[in-house]
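In what follows, every heavy atom counts, from backbone to side chain, and hydrogens, waters and symmetry copies are set aside. In what follows, chains carry the letters A, B, and so on, assigned in the order in which the sequence lines appear, proteins first and then strands, with residues in each chain numbered from 1.
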4 protein chains.
Amino acid sequence: MDGGSTEMMIVMHEGSTPEEVERILERLESAGASGHVSTSDIVTVIAVTGERDVIAGLPLEAYPGVDKVLPILRPYKLVSREFRRSDTVITVGGTSLGGGHVALIAGPCSVETREQLLEAARAAKAAGATMLRGGAYKPRSSPYAFQGLGIEGLEILAEAREASGLPVVTELMDPRHLADVVAYSDIIQIGARNMQNFQLLAAVGEVDRPVLLKRGLAATIDELLMAAEYIVKGGNENVILCERGIRTFETATRNTLDISAVPILKQRSHLPVVVDPSHAAGKVELVEPLSLAAIAAGADGIMIEMHPTPETALSDGAQSLDPAQFERVAARIRDIVGWAGKTLG
Amino acid sequence: MDGGSTEMMIVMHEGSTPEEVERILERLESAGASGHVSTSDIVTVIAVTGERDVIAGLPLEAYPGVDKVLPILRPYKLVSREFRRSDTVITVGGTSLGGGHVALIAGPCSVETREQLLEAARAAKAAGATMLRGGAYKPRSSPYAFQGLGIEGLEILAEAREASGLPVVTELMDPRHLADVVAYSDIIQIGARNMQNFQLLAAVGEVDRPVLLKRGLAATIDELLMAAEYIVKGGNENVILCERGIRTFETATRNTLDISAVPILKQRSHLPVVVDPSHAAGKVELVEPLSLAAIAAGADGIMIEMHPTPETALSDGAQSLDPAQFERVAARIRDIVGWAGKTLG
Amino acid sequence: MDGGSTEMMIVMHEGSTPEEVERILERLESAGASGHVSTSDIVTVIAVTGERDVIAGLPLEAYPGVDKVLPILRPYKLVSREFRRSDTVITVGGTSLGGGHVALIAGPCSVETREQLLEAARAAKAAGATMLRGGAYKPRSSPYAFQGLGIEGLEILAEAREASGLPVVTELMDPRHLADVVAYSDIIQIGARNMQNFQLLAAVGEVDRPVLLKRGLAATIDELLMAAEYIVKGGNENVILCERGIRTFETATRNTLDISAVPILKQRSHLPVVVDPSHAAGKVELVEPLSLAAIAAGADGIMIEMHPTPETALSDGAQSLDPAQFERVAARIRDIVGWAGKTLG
Amino acid sequence: MDGGSTEMMIVMHEGSTPEEVERILERLESAGASGHVSTSDIVTVIAVTGERDVIAGLPLEAYPGVDKVLPILRPYKLVSREFRRSDTVITVGGTSLGGGHVALIAGPCSVETREQLLEAARAAKAAGATMLRGGAYKPRSSPYAFQGLGIEGLEILAEAREASGLPVVTELMDPRHLADVVAYSDIIQIGARNMQNFQLLAAVGEVDRPVLLKRGLAATIDELLMAAEYIVKGGNENVILCERGIRTFETATRNTLDISAVPILKQRSHLPVVVDPSHAAGKVELVEPLSLAAIAAGADGIMIEMHPTPETALSDGAQSLDPAQFERVAARIRDIVGWAGKTLG
């Protein structure tokens with residue numbers, strides 16, 4: 001962002017006056033930027049050149065005579081493919097994600113009991129999962145629903161990691177829990193509802209732990225990348241992007257998996273991309289086709305909800321596979337990962 | 001839907017009166033249906049049993065005391081998987097679609113000239129496409145844009161079919177053009193903007209030609225199936241469903257390809273499902289990953305825009321592959337079709 | 001469209017070559033347009049100047065090296081506020097709409113019987129409505145639902161007009177019914193599902209009857225104006241725009257009334273704007289607050305579903321007011337119309 | 001939700017077995033709930049009765065044979081209109097909001113300097129505003145944008161309150177700042193991006209300060225009420241709901257103001273409802289029509305961005321009124337508040 005490039009085009013209203021144009025040019029110059037005016041019989045356009053951070057801070061749309069402001073360059077830098085051409089590869093506990101390595105992350109929505117999680121970890125490992133997931137702090141839309149075991153859940157996760165050898169992914173919801181989550185887990189998950197909890201993003205930007213960042217329900221692809229930029233700007237370069245479905249008018253699925261986000265994120269950014277078909281669809285029977293589609297589209301990982309006994313789950317039971325179902329889906333995933341010329345883990 | 005089953009639940013407002021409940025029961029009975037009331041201290045629910053067509057016509061939400069009406073059964077019948085368990089397979093000109101046969105449909109958005117279409121047909125055939133597409137009548141959001149060659153375009157399509165041996169898919173926009181489109185083509189396409197043009201659906205329901213029905217930009221999966229039901233109810237059982245992206249807040253793609261629609265449509269209906277990655281994404285570079293994802297998710301066909309020289313295209317140039325690009329994508333599609341245990345055509 | 005103005009900006013990819021830029025400039029010139037290049041260290045931008053219709057036809061996004069194409073001017077002309085500064089006022093049967101005159105259009109969703117419509121017309125007139133609505137041809141998502149009385153419904157509408165003195169609005173779904181609808185009604189309605197049925201738009205552009213054009217469920221404001229442009233370009237200048245709710249993720253209402261569309265349409269176009277709170281909300285109790293909000297936001301008319309006995313309605317009963325409810329709402333509307341300094345009719 | 005009422009209907013798949021139904025009934029009973037089965041030739045439905053909190057925790061959709069689960073009662077209690085029939089009225093610093101009192105909240109997006117805020121407060125007071133807004137902690141999608149003055153901003157807010165006599169609304173983004181925000185302000189704002197930051201909701205539920213809770217960009221009306229339930233359940237009954245636009249496909253406005261949310265929230269809840277037209281529209285010229293529409297629809301308050309010199313604003317300049325514009329809009333708002341039979345403050 002050094003140097004100064006054409007950052008945006010200001011399109012003036014039809015009836016705008018030369019004085020209005022002049023006022024904008026003066027403001028640009030006083031900020032160290034510059035404007036190049038092109039006028040035709042109907043419309044006047046100002047191409048703005050200068051430092052991005054400076055220009056982004058100018059309220060150009062508020063100036064009299066301005067019709068619209070069209071940004072030209074993307075609003076992020078450190079996470080962009082232009083900034084780093086080669087794929088970021090993240091390695092934890094002997095397993096990798098990105099650059100030809102595909103992660104298969106499995107486990108229950110919530111850590112409920114020691115037995116439940118140890119059994120889940122055993123089943124995940126046996127079926128070929130490369131990482132274990134499980135929530136100790138749970139974001140629930142109802143205050144009456146199970147909110148997670150907290151620190152006790154973290155301890156159980158650490159035990160399951162020990163027993164299975166699988167690295168552990170768990171969600172952080174509050175900056176006050178950061179030290180505990182760092183102490184007990186391998187990858188910190190930021191949930192969809194916290195994708196724009198900027199204080200939380202800043203907090204995880206300062207620790208030495210990979211972050212799995214889920215796309216918000218109504219977040220654009222570029223907003224997801226901006227959220228990742230918050231983390232990387234803080235010093236933590238190990239960010240995993242996660243597509244988990246967006247909110248649309250369609251009610252046949254809980255959310256609409258935006259499969260196009262996979263190739264677009266890979267094109268715009270060097271960060272690895274994981275898909276969560278369980279939350280996207282909200283239905284067990286869609287987990288397999290969506291997992292296969294995600295790998296075919298280029299995803300670097302799949303994150304699946306699996307529970308030893310979904311019928312007794314305290315959260316998300318309807319979308320959790322049981323161990324037998326997971327084993328079948330995992331086999332199909334391994335198969336298509338091979339077809340795609342990649343490897344699991 | 002003969003016989004009569006529990007079609008819906010009527011949930012009454014908290015303060016509803018016995019008289020209000022009685023009035024509904026009477027209305028149900030006078031229509032030949034019946035209601036079963038269950039009451040608790042907070043809420044009263046009426047389960048409605050009877051003929052679907054009759055019940056669907058009753059304005060039960062308009063009755064005093066009614067809070068909401070929850071439909072229980074799906075609103076379509078002939079196109080449902082329950083109605084016919086086995087996959088519908090559509091065969092035209094020696095090539096099939098559905099039941100393990102995957103169609104690869106390629107060609108330009110619009111028929112522009114004889115030379116353009118013959119060259120497109122030749123390239124499509126050479127790369128392994130099983131059908132040719134091309135529009136003679138074009139729905140354009142601007143009245144100033146190219147609207148298609150009309151009947152002349154149909155004649156060119158017929159010539160290209162002759163020359164290449166590929167069956168031809170073309171769009172019908174107006175019931176007044178039906179006879180011409182039937183005379184010159186093999187499959188009639190109904191575009192996304194006409195998915196709920198019910199007169200047009202009724203018209204194609206009466207002819208002996210397969211119909212490729214595109215999902216509307218804001219149509220739910222069940223509304224797509226209802227539109228297909230219009231056609232099948234008219235007597236035409238050969239309907240192909242086409243997912244081509246829905247409209248969401250995301251602007252990185254022209255539309256958001258709803259990949260989950262593929263397995264859901266296959267689950268709810270016996271009709272074959274085709275995916276159009278070109279219109280969904282609006283970008284050449286997304287055609288390959290989305291095509292592969294579609295096959296992995298279970299699609300019965302892929303429809304791709306390909307133009308001999310995209311730079312001179314009169315419509316949709318930005319999303320059209322050139323013949324060399326198409327050849328590469330077609331090879332990858334053939335590969336994953338094989339992986340999925342199916343065959344092209 | 002005359003003369004030639006800066007229509008769009010072409011933004012090149014970072015790594016684009018001078019040859020790629022040159023190729024675009026040549027294409028522009030061969031089409032009678034021209035390009036002005038501005039280059040900085042990161043990005044190259046081409047400002048394109050020329051005739052809109054020509055430039056709109058060029059597939060500039062398909063050229064190698066092009067990152068994106070940013071349109072600058074709006075894509076419509078005849079319906080724009082720039083084309084005509086003064087409000088279009090539409091007068092039928094002695095009542096006006098636009099320019100300070102507010103229409104109150106009321107009546108049932110469907111014409112069901114002669115008695116029903118005559119009673120609705122009488123109640124509408126008595127409560128102060130200025131126009132009568134009623135559908136003879138009904139777009140229904142289910143092929144099993146009531147599809148309207150057709151020509152018989154049109155005859156009943158004409159009788160109700162005679163009896164009440166109210167001009168009649170009715171929907172046209174098929175160009176083959178145009179002559180009948182023109183013969184029997186005063187304003188032709190194009191429904192939301194047909195907003196981009198371009199053949200139908202072209203057909204009503206050629207007759208001498210005002211057209212009430214409803215916004216499609218997923219149509220942008222500019223697409224609505226483009227659809228209106230189709231009609232006006234055909235020679236019919238009397239178009240009424242209708243906001244009736246768009247499809248979003250929210251399920252508390254049938255559709256989400258886009259109230260902002262009212263001031264934006266009035267700003268961008270000289271055409272009058274009507275709001276349909278009945279279809280937007282799908283609930284009787286929202287009709288009053290949404291009607292008042294629409295007038296406060298600047299709407300030129302309100303269209304309300306009213307049925308003599310909503311409980312027996314063959315369609316849309318849940319959102320239809322009964323005559324007593326309508327009388328109360330009409331009084332409130334008259335009151336706020338006065339507050340806004342306008343008059344009913 | 002004491003007592004136990006019919007909470008949901010479980011609809012079984014067509015081919016479900018008696019054993020599957022039995023298994024569900026047993027699970028319900030072991031949880032202290034009960035099920036009432038009604039069967040017809042096509043479908044079996046189980047009406048579930050019992051304690052809401054218990055039933056909400058059962059993963060009934062995960063049981064074999066279950067097609068769907070239809071909730072019947074709303075998922076919140078303390079904030080519901082059923083729980084408290086009379087409007088909640090919130091009074092701070094001598095001014096009220098709710099129950100016929102309309103608040104007019106004005107001020108800049110961010111506190112930038114002492115002079116800027118004092119001038120804004122003076123202009124707000126002079127034009128008739130009843131409360132002052134201004135952000136000390138700013139959620140910004142870019143990490144490169146101005147993030148607010150923090151504690152210094154809070155001190156300036158307190159000074160402006162002193163000078164103007166207006167109560168102060170300011171945003172809280174992090175539970176670690178809660179004590180400071182409580183110390184310096186009168187109403188705590190929870191921003192749209194934090195609507196489901198459940199830890200933050202729990203934190204403000206424990207303090208004695210009214211909370212203005214903004215609807216998330218993709219939050220349903222019921223999710224907004226659930227978020228409010230979190231706060232009230234914690235002991236803080238003074239919650240103000242704020243509609244500020246939702247994310248849709250329409251790009252003419254920054255967000256789509258969901259005007260229907262106003263009457264629906266008032267119908268479902270006793271809490272007051274405020275509308276923020278500035279963030280909804282993102283455009284100065286829409287602030288007046290949307291403010292008037294909001295009052296006409298029943299809103300209890302309007303929150304408007306106003307800046308002494310919008311052209312120099314560090315955030316949201318394009319949507320901020322200047323003092324002269326605000327004065328005109330405030331006069332119109334006062335006028336329609338009177339028309340509606342309510343009073344400002």
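For a heavy-atom cut-off of 4.5 Å, chain C lies close to D:Ala218, D:Ala219, D:Thr220, D:Ile221 in residues 218-229 of chain D. Proximity to chain D among residues 338-345 of chain C is limited to C:Trp339, judged by heavy-atom separations below 4.5 angstrom.
Residues forming a salt bridge (charged side-chain N to carboxylate O under 4.0 Å, His left out) with D:Lys266 (at least two apart in sequence, or on another chain): D:Asp300.
For the atom pair CD1 of D:Ile259 and OG1 of C:Thr253, the computed distance is 12.0 Å after rounding to the nearest 0.5 Å. Distance check, rounded to the nearest 0.5 Å: CD1 of D:Ile231 to CG of D:Leu201 gives 5.0 Å. To the nearest 0.5 angstrom, D:Leu97 atom CG is 6.5 Å from D:Ile90 atom CD1. Going from atom CD1 of C:Ile264 over to atom CD of D:Glu250 covers 6.5 Å, rounded to the nearest 0.5 Å.
Using a 4.5 Å cut-off on side-chain heavy atoms (C-beta onward), D:Arg244 and D:Asn255 make contact. Looking only at side-chain heavy atoms (C-beta outward), C:Ile302 and C:Ile333 come within less than 4.5 Å of each other.
Across D:Ala103 and D:Thr130, no two heavy atoms sit closer than the pair CA-OG1, 3.5 Å.
Interface remark: C:Arg332 contributes backbone and side-chain atoms alike to the contact with chain D (heavy atom separation under 4.5 Å). Interface residue C:Leu290: only side-chain heavy atoms are found under 4.5 Å from chain D. Of the two parts of C:Glu288, neither the backbone nor the side chain holds a non-hydrogen atom closer than 4.5 Å to a non-hydrogen atom of chain D. Proximity to chain C (any heavy atom under 4.5 Å) is shown, for D:Ile295, by neither the backbone nor the side chain. Looking at C:Thr248, only its side chain comes within 4.5 Å of chain D, counting heavy atoms on both sides.
D:Glu327 CD: 12 or fewer foreign heavy atoms inside a 6.0 Å radius. Environment of CD in C:Gln325: crowded, with over 12 heavy atoms of neighbouring residues, nucleotides or ligands closer than 6.0 Å.
When C:Thr251, C:Leu286, C:Val262 are compared by the number of non-hydrogen pairs under 4.5 Å with chain D, C:Leu286 comes out ahead. Contact tally against chain C (heavy-atom pairs below 4.5 Å) for D:Ala293, D:Ala294, D:Pro263: the top residue is D:Ala293. Ranked by heavy-atom pairs shorter than 4.5 Å toward chain C, the options D:Ser291, D:Gly298, D:Ala297, D:Ala261 are led by D:Ala297.
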Anything under 3.5 Å between a donor and an acceptor, one on a side chain of residues 272-284 of chain C, the other on a protein residue two or more places apart or in another chain? List them.
unit_1, atom_1, unit_2, atom_2, d
C:Asp276, OD1, C:Ser278, N, 3.0
C:Asp276, OD1, C:His279, N, 3.0
C:Asp276, OD2, C:Lys214, NZ, 2.7
C:Asp276, OD2, C:His279, ND1, 2.8
C:Ser278, OG, C:Glu305, N, 3.0
C:His279, NE2, C:Glu305, OE2, 3.2
C:His279, NE2, C:Asp316, OD2, 3.2
C:Lys283, NZ, C:Ala252, O, 3.0

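The pair C:Arg81-C:Asp87 meets the salt-bridge criterion, since a charged nitrogen lies less than 4.0 angstrom from a carboxylate oxygen.
Between the side chain of C:Asn194 and the backbone N or O of C:Asn197 there is no donor-acceptor pair closer than 3.5 Å.
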